[in-house]
Amino acid sequence: MPELPEVETTLRAIKKFKGSVLKEAKVHNKNLRWPVVDGFESSVKEQVVENLERRAKYIIFKLSNNKNIIIHLGMSGNLRIANNNENFFIKHDHIELIFDDERIIYNDPRRFGSMHLTANIHKHKLIKNLGPEPLSENFNAEDFFSACNNSKTNIKSFLMNQKNVVGIGNIYASESLFLAKINPSKNANKLDLEACKRLVAAGKQILEQAIEVGGTTLKDFYSADGSPGYFKFKLNVYGREGEICNNCKNSIHKTVINQRATFFCKNCQI
DNA sequence: CGAAAAACCTGGCAGC
DNA sequence: TGCTGCCAGGTTTTTC
């Protein structure tokens, strides 16, 4: 389910566990994208969750023993909250993080996600090479423009590369490029500063709006299949092949870039 | 080295 | 009803 807004929405839903004691973890299936380390359960047992934060698409639990749990949801992962008096499992519930009254359940059919334990977040291999947060000042037109200049790939792949900016996945890449009126196949090094300004602004706007509507789904967070996500966000191009462009009334086209479905308007996006 | 393709998995759906 | 093939919101690993 996750691009950055969905991860952020998930984080906000579980933020209430900050300050709580993680009584116990149960790993039912350790075979995720990478195996959950041996000793995970004993390492996190009875630790206070001192902070809950997000970096890129990773959710990070800071524990009182100075260890950190890192969670990535992959393509199909989600977290949900369940009451401990409901002994309710569904297929692909892999890990439980159990608190006094409630527990957080990690479910992931495709197991592209993962859960890690590390002492130093910033040295972790999945974290250390990440690019700027899209909603921060570190993601700005000037720096993005100079990075684009040094790239030979197309702008859509460039935008989805987490070294250049984090959090933008396949859906919001198409949506951002539509809003910025840039053709997804265009070489990154062909973008001028004005185009970069539009794209950076578009990316921030899309992500902020998606987070905003994601927040409205929080009330559904308890239901097993009520995962917050894309269904509330109004998409201009993604999944709309053959439909009418909301801007110019030509039809939306679909192509494949880097093995990923890509949607755009040939008329609006130059 | 950077860029492009393959790989990791399961489930849902269209088409036969 | 099956069965088959294709598609899916990510990112690492392998190949060129």
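Lettering follows sequence order; numbering is per chain, from 1. Bear in mind the structure is a predicted one, so any value in this text is a computation, not a measurement.
- Mapped onto DNA chain B by nearest heavy atom, A:N161 and A:Q259 fall at different nucleotides, with A:N161 at the one closer to the 5' end.
- To the nearest whole angstrom, the two P atoms, one in C:dC3 and one in B:dC9, are 24 Å apart.
- Within 4.0 Å (heavy atoms only), A:K91 reaches sugar-phosphate atoms of the nucleic acid but no base atom.
- Protein atom NZ of A:K156 is 14 Å distant from nucleotide atom C1' of B:dA4, rounded to whole Å.
- Checking the phosphate oxygens (OP1, OP2) of C:dT12, no side-chain nitrogen or oxygen of A:H72 falls inside 4.0 Å.
- Salt bridge A:R54/A:E8: present, at least one basic N to carboxylate O contact under 4.0 Å.
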Quick one, A:F264 with A:F178, criterion ring-ring contact (aromatic ring centres under 6.0 Å, His included). Give me CA distance, side-chain angles, the key distance, then yes/no. CA-CA 6 Å; A:F264 67 108; A:F178 173 79; over 10 Å; no

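- For the pair A:K57 and A:E6, the salt-bridge criterion is not met [side-chain N within less than 4.0 Å of a carboxylate O].
- The distance between atom NZ of A:K125 and atom P of C:dT12, rounded to the nearest whole Å, is 8 Å.
- Applying the 4.0 Å criterion to OP1 and OP2 of C:dG10, one finds that A:R260 has a side-chain N or O inside that range.
- With centres under 5.5 Å and a plane angle under 30°, the ring of A:F112 is stacked against the base of B:dC8.
- Between A:R103 and A:E24 there is no salt bridge, since no side-chain N of the basic residue sits under 4.0 Å from a carboxylate O of the acidic one.
- Pair check for B:dC9 finds none; no Watson-Crick or G-U wobble contact set falls under 3.5 Å.
- Listed pair A:S157 / B:dA4 fails the phosphate criterion, with no side-chain N or O lying under 4.0 Å from OP1 or OP2.
- For the pair A:N187 CG and B:dG2 P, the interatomic distance rounds to 17 Å; values are reported in whole Å.
- In this structure, A:M160 places its CE atom 13 Å from P of B:dA4, rounding to the nearest Å.
- As judged by a 4.0 angstrom heavy-atom cut-off over every strand, A:R111 is placed among residues touching the sugar-phosphate backbone only.
- Nucleic acid contact class of A:S151 (heavy atoms, under 4.0 Å, all strands): sugar-phosphate only.
- Few gaps surround NZ on A:K62; more than 12 heavy atoms of other groups in view lie less than 6.0 Å from it.
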